[in-house]
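To start, the structure itself, in structure tokens.
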Amino acid sequence: MRRARRWDTGRFPALPGDHVSSPVPSRFDVVVIGGGASGALVAAHLVDGAAPPSVALVEAAPVVGEGVAYATRRAEHLLNVRAAGMSAFDDSPGDFVRFLRTLPEHAGEDPAVLGQRFMPRRVYARYLAAILDAAPPPLQRIADTAVDVAPVADGFEVELALGARLQARAVVLAVGNRAARLPLDPAAAAAVAPVDAWDYPAVAAIAPEADVCILGAGLSMVDVVLTLRANGHRGRIVSLSRRGLVPLPHAAPAPAAAIDIDRLRAMDLGARTRAVRALAASEVAAGRPWQGALDALRPHGQALWTSLDARAQARFLRHLVRHWDVHRHRIAPEVAAQLDAAMAAGQLERLAGHLVSIEPGARNAIAWRPRGGDAVRRFEADVVVNALGMDKRIDGGSGLPARLCARGLLRPGPHRMGAATVGEGVPLDAGGVPVPGLWTLGTLRIGDLWETIAMPELRGQARRVAGAVRAHLGP
Ligand SMILES: Cc1cc2nc3c(=O)[nH]c(=O)nc-3n(C[C@H](O)[C@H](O)[C@H](O)COP(=O)(O)OP(=O)(O)OC[C@H]3O[C@@H](n4cnc5c(N)ncnc54)[C@H](O)[C@@H]3O)c2cc1C
């Protein structure tokens, strides 16, 4: 890690709207921006233990701890990790299962059996809420949107949308996932006004007879199809994505395959790909599921990514990423069965190709070009759903990360994904220098770490970021 230098506010230009002084600010030791799973866990760790710092947890949504993933109230939306893998604490692996057993509906259940189940995501929201409820008073929740973070003499000033300004010696950016924009020019995209796949009530409100075009074929597409089916959907459902690949199912619980990670890391991308394919094939030949090969890689995702050079990473992103995604981000077998049933019945059609345009009207006219072809084809849909997943870019557009890029406090990460960071998530400023007192975790670290968006990574990051912040604050 490059040495962080002392704070120098002169490094960052003033932006329009900057205030030279502010009315009596609220002071905290730490402001955590974003109260999804990541921010909630950082905050809970910060106030845990003796002499905790004062912490403000700023969350734009009405409920803290849910973020995008766990805000769904729909029973059909399941975790894509078995309960045994979903502890919020890396030093207490059985914590989520122990929580489940405190619920009347699971009391007395065998923890070994419970741990193998894929629970509804709304239950995970209750778990995170319980963790936050147990956090002591130096944690203050603030329901507002942080619109700016400006360096001041002894830390930062965080500006909130409703006008308040919070002063803090340290700030943690836990802003998480933002929906990707439609791949159309902004005016055309705005005219379409798609339903957001992460707006669960809006998806549930789609009329059962509507013809629906879902843009994307990943986990969010699966969520949408599940909800439409749960509501007795009768209209046509079309998923349009570049490759038409959908997430694959988890296998029955089995040990991960044996793999020599150090040997794999020493290989170039092509050799690694061949080695993993060969391992999967040998698992199948031995009567075991191919998933065991991917499970063997799962804990080493960051090491595998960081041991590729930038050119190899770019090749992975260009040619392999979608194959990686459908094998790595798998779905519960019962969810896969629903998806298969929808496809077998002709209710869900998968198209592989590029979106060319959408002409909104009484019905949306969707033009697309099949993968590998030139001819443009067309179909109509009453509703367009944006299930394109997360926007990995932070520069350009609106939102806090873009503002901080403009301010020079953040710079885009490798391959323009997330923010450039070092150490335990200290962002690099526009000049490539670590910003002391500022941390980030989760999705914002995707360019640096790649494997950084799911609980098995977030829980460790949350604990380590909290530890680094407390060390920064001193005794
Ligand atoms: C649909 C879906 C399903 C998933 N399922 C699983 C799963 O089963 N298992 C698993 O391990 N992972 C899953 N994930 C990955 C998931 O992203 C992580 O588990 C985790 O929820 C990420 O939390 P986060 O806090 O980093 O981000 P987010 O959940 O995106 O939360 C960020 C929060 O920050 C708030 N925020 C953002 N900007 C501001 C601002 N400027 N001011 C105030 N508040 C702000 C947002 O309102 C939001 O609440 C899933 C992800 C998605 C999208």
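The structure presented is a predicted model; accordingly, all values stated were derived computationally and were not measured. Read the numbers this way: they start at 1 and go in the same order the structure lists the ligands and their atoms.
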With sequence neighbours left out, the residues meeting side chain to side chain donor-acceptor pair (under 3.5 Å) with R463 are D90

Residues R74, D223: salt bridge by 4.0 Å N-O rule | no

Short N-O contact, R117 and E105, less than 4.0 angstrom = no

Does the pair E66/R121 count as a salt bridge with the N-to-O cut at 4.0 Å?
-> no

All heavy atoms of A40 vs all of L57, minimum pair found to be CA-CD2, 4.3 Å

Those protein residues which place at least one heavy atom below 4.0 Å from ligand 1 = I33, G34, G35, G36, A37, S38, V58, E59, A60, G67, V68, A69, Y70, L79, N80, V81, M86, R121, D144, T145, A146, A174, V175, G176, N177, W198, Y200, D223, L400, I453, A454, M455, P456, L458

Check ion pair D196-R178 (N to O, under 4.0 angstrom) | no

